[in-house]
S.K.: 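Below: one structure in structure tokens.
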Amino acid sequence: MIQVENLYKELGSKPVLKGLSFEVNDGETFVVIGKSGSGKSVLLKHLIGLLKADSGKVMIDGENIGALSFKELQRVRQKIGMVFQSGALFDSMSVGENIALALRSKEEFTKWEIKEKVKEALEIVDLAEAADLMPSELSGGMKKRAGFARAIALDPQYMLYDEPTTGLDPVMTDMINRLMLKFKQQKEITSVIVTHELRIVHDVADRVLLLNEGEVAFNGLPAEIEKSEDPVVRQFMTGDSTLAIGEKI
Ligand SMILES: Nc1ncnc2c1ncn2[C@@H]1O[C@H](COP(=O)(O)OP(=O)(O)OP(=O)(O)O)[C@@H](O)[C@H]1O
Ligand SMILES: [Mg+2]
């Protein structure tokens, strides 16, 4: 399981995460929502040790990842697949090579096994035809799906998704939502999904956390957040900008 205890982080001398605490249980699909700039991507980077907390802890299966050596952290990271907001592919390699590289860093697969795993991962996201394309030749949505394929090819215990469906068309969004559900059901993957798309909360969340200016504004069931009377929650759920800036426009 993932446990976050009193996580605090300043970036550019500005507090971004202001003492967050929550837990993600095994097998759970945990969705973090919040407006742009609320600290969602920064939070996700702490869960995989790309950023280190100023204070507080991130525990993965009982290990405080902020206290691990680089080598120990690499071992924990093997359990985690991450889908970055922008895809984060290497521009100088084809889509297939990007996935193969990730596989080679994990364990000793034969060339044939790697080829099969690359093919299978690309088929899952409906990109079988794109294996030989370079990232610059892909649309935004294709890049996103390629990043998805790379993470899932590693067969992780945890998946972290940063805006997995933002910028995708409604059909592709539905496909990605279904995939996330399938991974949960068939592979028992524990997921943390960061998004500002409420459809994900509705379609795949077991639990939802609303991040507001680096603090937890809500942590509970999707059905509860829809009924919440809290003004910060209401503003996000209804998308009513007048609740934030008044009737200026
Ligand atoms: N490396 C960095 N250095 C300085 N400030 C940073 C850095 N990374 C993020 N920030 C700041 O932290 C805040 C939160 O950023 P973050 O990327 O987590 O937002 P977000 O909730 O993911 O937004 P979005 O929905 O737009 O992706 C922002 O004010 C951002 O400017
Ligand atoms: Mg972000």
Side-chain angles (χ1 to χ4, degrees), residues 2 4-22 24 29-58 60 65-66 73 77 80-89 135 139-141 143-148 150-151 158-169 172-173 176-177 180 191-205 207-219 222 225 230-241 243-245:
I2 301 174
V4 174
E5 288 175 21
N6 217 3
L7 185 62
Y8 187 93
K9 181 71 174 178
E10 266 183 28
L11 284 167
S13 69
K14 199 185 93 179
V16 176
L17 304 179
K18 303 175 194 165
L20 298 184
S21 299
F22 63 89
V24 183
T29 300
F30 190 83
V31 176
V32 178
I33 53 175
K35 61 187 182 209
S36 185
S38 58
K40 304 183 298 298
S41 295
V42 168
L43 169 62
L44 216 52
K45 285 175 189 160
H46 280 85
L47 301 187
I48 196 170
L50 285 174
L51 285 172
K52 238 181 181 168
D54 294 337
S55 63
K57 284 193 246 184
V58 174
I60 307 277
I65 63 168
L73 180 60
R77 278 187 184 155
I80 308 173
M82 172 125 184
V83 180
F84 289 90
Q85 191 159 5
S86 58
L89 302 167
S139 73
K143 276 188 198 150
K144 198 150 260 182
R145 285 184 282 143
F148 201 101
R150 181 179 54 187
Y158 297 97
M159 279 286 274
L160 309 181
Y161 302 92
D162 199 348
E163 303 285 358
T165 60
T166 305
L168 300 185
D169 65 65
M172 206 46 83
T173 297
I176 295 287
N177 284 352
M180 292 192 292
S191 300
V192 179
I193 306 169
V194 155
T195 185
H196 46 244
E197 295 210 7
L198 291 176
R199 182 168 171 192
I200 292 195
V201 175
H202 186 261
D203 288 359
V204 305
R207 217 139 50 82
V208 56
L209 183 148
L210 173 63
L211 198 59
N212 185 56
E213 294 175 7
E215 290 179 290
V216 177
F218 178 91
N219 181 359
I225 199 168
D230 183 282
V232 173
V233 176
R234 290 306 314 147
Q235 186 205 334
F236 187 82
M237 297 303 284
T238 59
D240 184 351
S241 70
L243 290 171
I245 58 170

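Counting starts at 1 for both ligands and their atoms, following the listed order. The figures that follow rest on heavy atoms only: side chains count, while hydrogens, waters and symmetry mates do not.
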S.K.: Of I33, V208, D230, L209, which meets side-chain contact (heavy atoms from CB on, under 4.5 Å) against F218?
M.R.: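 Of I33, V208, D230, L209, side-chain contact (heavy atoms from CB on, under 4.5 Å) with F218 is met by V208 alone.
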S.K.: Could you check whether any side-chain heavy atom of K35 comes within less than 4.5 Å of a side-chain heavy atom of V232, counting everything from C-beta outward?
M.R.: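 No. Closest side-chain heavy atoms not under 4.5 Å.
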S.K.: Could you check whether any side-chain N or O of S21 sits under 3.5 Å from a backbone N or O of N6, counting only pairs where one atom can act as donor and the other as acceptor?
M.R.: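 It does hold such a pair.
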S.K.: Could you report the tightest heavy-atom contact between V204 and N177, atom names first, then the distance?
M.R.: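 Here V204 and N177 meet closest at CG1-O, 3.5 Å.
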S.K.: Run the numbers for me: atoms of ligand 1, each under 4.0 Å from some heavy atom of S36, listed by number.
M.R.: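 Under 4.0 Å from S36, ligand 1 has these atoms: 23 (O), 24 (P), 25 (O), 26 (O).
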S.K.: For atom 22 (O) of ligand 1, which candidate among P15, G12, S41 provides the closest heavy atom?
M.R.: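 Looking at heavy atoms only, the winner is S41.
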S.K.: Which of the listed options, V194, L11, L43, V42, holds the heavy atom that is closest to atom 2 (C) of ligand 1?
M.R.: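 Shortest heavy-atom distance from atom 2 (C) of ligand 1: L11.
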S.K.: Of the non-hydrogen atoms in R234 and I225, which two are nearest, and what is the gap between them?
M.R.: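 Nearest heavy atoms, R234 then I225: NH1-O, 4.4 Å.
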S.K.: Do you know how many protein N, O or S atoms are within a distance smaller than 2.8 Å of the Mg ion (ligand 2)?
M.R.: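 Considering protein N, O and S only, the Mg ion (ligand 2) has 2 within range.
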S.K.: Relative to the heavy atoms of E163, which atoms of ligand 1 are at a distance of less than 4.0 Å?
M.R.: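 Counting from 1, the qualifying ligand atoms are 25 (O).
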S.K.: What's the shortest heavy-atom distance between I193 and M180, and which atoms?
M.R.: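 I193 and M180 have their closest heavy atoms at CD1-SD, 3.6 Å.
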S.K.: So, is V16 polar-close to ligand 1, with some N/O to N/O distance under 3.5 Å?
M.R.: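 Between V16 and ligand 1, no N or O pair is found under 3.5 Å apart.
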S.K.: Please confirm whether S38 comes under 4.0 Å of ligand 1, counting heavy atoms of the residue only.
M.R.: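 The answer is yes, since S38 has a heavy atom less than 4.0 Å from ligand 1.
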S.K.: Please tell me if atom 20 (P) of ligand 1 is touched by the protein, where touching means a protein heavy-atom distance below 4.0 Å.
M.R.: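 There is a protein heavy atom less than 4.0 Å from atom 20 (P) of ligand 1.
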S.K.: Where is the tightest heavy-atom contact between T173 and R199, given as atom of each residue plus distance?
M.R.: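 Residues T173 and R199, closest heavy atoms: CG2-NH1, 3.9 Å.
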S.K.: Ligand 1 versus K14, non-hydrogen atoms closer than 4.0 Å: side chain, backbone, both, neither?
M.R.: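 Contact part for K14 vs ligand 1: side chain (C-beta onward).
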S.K.: Do you know the tightest heavy-atom contact between V83 and M159?
M.R.: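 Shortest heavy-atom separation between V83 and M159 comes out as CG2-CE, 4.0 Å.
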S.K.: Using every non-hydrogen atom in the two residues, find where P164 and V194 come nearest and quote the distance to one decimal.
M.R.: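 Taking every non-hydrogen atom into account, CD-O, 3.6 Å.
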S.K.: Answer yes or no: is there a donor N or O on one side and an acceptor on the other, between the side chain of K9 and the main chain of G39, under 3.5 Å?
M.R.: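 No; judged by distance alone, with no hydrogens or angles, the pair does not exist.
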S.K.: Under a 4.0 angstrom heavy-atom cut-off, which atoms of ligand 1 come close to K35?
M.R.: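 Atoms satisfying the 4.0 Å criterion: 21 (O).
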S.K.: Go through F30 and F22 one step at a time and tell me if the ring pair (Phe, Tyr, Trp, His ring centres under 6.0 Å) criterion holds.
M.R.: CA-CA 10 Å; F30 190 83; F22 63 89; 5.2 Å; yes
S.K.: Checking a contact table here: which protein heavy atom is nearest atom 25 (O) of ligand 1, and how many Å away?
M.R.: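 Here the nearest protein heavy atom works out to K40 NZ, 2.8 Å.
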S.K.: Suppose we measure from atom 27 (O) of ligand 1 to each protein heavy atom; which comes out shortest, and what is that distance?
M.R.: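 I find the closest protein heavy atom is Q85 NE2, 3.1 Å.
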S.K.: Based purely on interatomic distance, does G37 place a nitrogen or oxygen under 3.5 Å from a nitrogen or oxygen of ligand 1?
M.R.: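 Checking ligand 1 against G37, an N or O pair does fall under 3.5 Å apart.
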S.K.: Please tell me if atom 6 (C) of ligand 1 is touched by the protein, where touching means a protein heavy-atom distance below 4.0 Å.
M.R.: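 Looking at atom 6 (C) of ligand 1, one finds that a protein heavy atom does lie closer than 4.0 Å.
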S.K.: Is K40 reaching over with its side chain to a backbone N or O of L211, donor-acceptor style, under 3.5 angstrom?
M.R.: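 Not a single qualifying donor-acceptor pair exists.
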